[in-house]
Amino acid sequence: MQTTTNLAQLAHAGKPQVETDSTYRRLQRFFAEFAFDYEALGRFLLDLVPTSPPYLAVLDRTEWHFGQTPVNVLMIGIAQNGIAFPVAWSALGYGGGSGADRHTDLLEQFLQIVDPEHIRALVADREFTGAGFLKGLKKREIPFVIRLRKDRRIGPPSNERSSREWSLPARMFARTCPPEQAAHLNGLKGLGGAESVDSQVVTKRLEDGSFLILAGRQISPDSMMTLYRKRWEILAFFAALGVQRLWAGGNPHYQAGSDSEAARNVGADLQLDSDYRH
């Protein structure tokens, strides 16, 4: 038979010369005032990563349910040797997608542990394209490769006079690519919105006809696809925790479903192309 331990039981294991009630109250005060230092834990975990800077940081969210209670976690890890090592995370108090403010808060937490100069690039999926978050990456000069939704509007760089006059959905640029072929849109492109962020854009039409559209800053367009493939390593970490299922075969670009679906579904099958594991 398994039993749980409570403070009343612990109090009986204290010094015999001290009254049990007194020990119980001391235990209560200790746990009530205790605050776990997650920054210190993050630094400890960073020391365990078997690599040196610059780091490839991967940002993602996973969600599952404990009974009727959603367990929704944002995480930034360091990708290395086929898996991500967690460094900073935040548990959301609700189910469903997260917002740019949450992403920025987690980034600040991560930067308390890892210096921006030690980040080779931050890689993320379509959930993490809020203008405020991208502005924050730009301000801190953090290179990034982030997948765009197909309806995200892009246009001329923000310093061009026509930048506020026209923009097109990203799919309009990607649809000219032959199947399984990639193309780089020449020059910087402004990601549409009230606060445009100028980025390099690489597009690819996948085998099923869907689009892979990547925005990158301070990253060579030739390496953006390769870096984005590393995003699956945080999914491998989630799978190792047992909160998501993972097997080889298929294509990692398809695992999130259509652009209109949530970034993560409970029990989703995360399929990885063996080419992307090397």
Side-chain angles (χ1 to χ4, degrees), residues 57-61 74 96-104 106-107 121-140 142-160 162-179 181-221 223-232 251-265:
V58 187
L59 168 62
D60 207 350
R61 180 177 64 84
L74 279 173
S98 52
D101 290 344
R102 290 282 193 171
H103 306 161
T104 300
L106 183 63
L107 178 65
L122 179 94
V123 179
D125 201 20
R126 292 164 288 193
E127 184 174 351
F128 306 96
T129 58
F133 181 65
L134 297 180
K135 279 282 190 180
L137 294 175
K138 176 183 176 182
K139 179 180 178 180
R140 295 165 180 80
I142 297 175
F144 65 79
V145 178
I146 298 179
R147 186 175 184 179
L148 301 179
R149 290 182 171 87
K150 63 184 180 182
D151 58 354
R152 182 64 181 263
R153 301 189 74 86
I154 58 178
S158 58
N159 60 355
E160 290 190 10
S162 61
S163 63
R164 294 185 179 273
E165 297 176 2
W166 71 270
S167 64
L168 293 172
R171 66 178 181 274
M172 300 297 290
F173 297 91
R175 66 193 308 176
T176 60
C177 294
Q181 296 296 314
H184 168 226
L185 304 186
N186 292 328
L188 291 174
K189 300 297 178 185
L191 303 185
E195 300 181 49
S196 180
V197 175
D198 296 338
S199 307
Q200 300 282 356
V201 176
V202 173
T203 68
K204 183 177 183 179
R205 184 189 290 268
L206 302 177
E207 186 178 1
D208 67 348
S210 61
F211 302 115
L212 172 65
I213 306 167
L214 303 179
R217 187 173 177 85
Q218 297 176 257
I219 296 290
S220 167
S223 63
M224 285 169 58
M225 288 285 179
T226 301
L227 287 175
Y228 182 74
R229 290 167 184 156
K230 291 289 186 177
R231 192 186 72 85
W232 80 271
N251 192 310
H253 296 145
Y254 306 149
Q255 63 84 19
S258 66
D259 282 346
S260 62
E261 292 177 346
R264 197 69 61 248
N265 293 321

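Quick note: residue numbers are just sequence positions, from 1. What you see below is based on every heavy atom in this structure, not just the backbone, and it leaves out hydrogens, waters and symmetry mates. Everything numeric in this text was worked out from a predicted model, so none of it was measured.
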Gap between atom [atom2] of [Y] and atom [atom1] of [X] - 0.5 Å precision:
X      : Y      : atom1 : atom2 : answer
Ile154 : Leu168 : CD1   : CG    : 8.0 Å
Thr129 : His103 : OG1   : NE2   : 9.0 Å
Lys135 : Arg140 : NZ    : CZ    : 12.5 Å
Lys150 : Leu212 : NZ    : CG    : 13.5 Å
Leu148 : Asp125 : CG    : CG    : 10.0 Å
Leu122 : Leu227 : CG    : CG    : 11.0 Å

Looking at every heavy atom in both [X] and [Y], which two are closest together, and how far apart are they?
X      : Y      : result
Val197 : Ala131 : CG2-O, 4.5 Å
Arg152 : Leu134 : NH2-CD1, 4.2 Å
Arg205 : Thr176 : NH2-N, 4.5 Å
Ala215 : Ser199 : CB-CB, 4.1 Å

With the side chain counted from C-beta on, respond yes when Arg102 and Leu74 share a heavy-atom pair under 4.5 Å apart, and no when they do not. yes
ring-ring contact (aromatic ring centres under 6.0 Å, His included) partners for Phe144, two or more places apart: none
Just to verify, what does [X] make a side chain to side chain contact (heavy atoms under 4.5 Å, CB included) with, not counting sequence neighbours?
X      : result
Ala124 : Leu59, Phe128, Ile146
Val202 : His184, Pro221, Met224, Met225
Thr226 : Arg229

Under the salt bridge (charged side-chain N to carboxylate O under 4.0 Å, His left out) rule, collect the residues that match up with Arg175, sequence neighbours excluded. none
Looking at [X] and [Y], would you say the former's side chain and the latter's main chain have a donor-acceptor pair under 3.5 Å?
X      : Y      : value
Glu127 : Ser98  : yes
Arg61  : Gly96  : yes
Arg217 : Leu137 : no
Asp208 : Ser210 : yes

Verify side chain to side chain contact (heavy atoms under 4.5 Å, CB included) between Phe211 and Lys204, making sure each step is shown before the conclusion. CA-CA 6 Å; Phe211 302 115; Lys204 183 177 183 179; over 6 Å; no
Would Ile219 and Gln200 count as a side chain to side chain contact (heavy atoms under 4.5 Å, CB included) if you check the C-alpha gap in whole Å, the side-chain angles of each, and the deciding distance to 0.1 Å? CA-CA 8 Å; Ile219 296 290; Gln200 300 282 356; over 6 Å; no
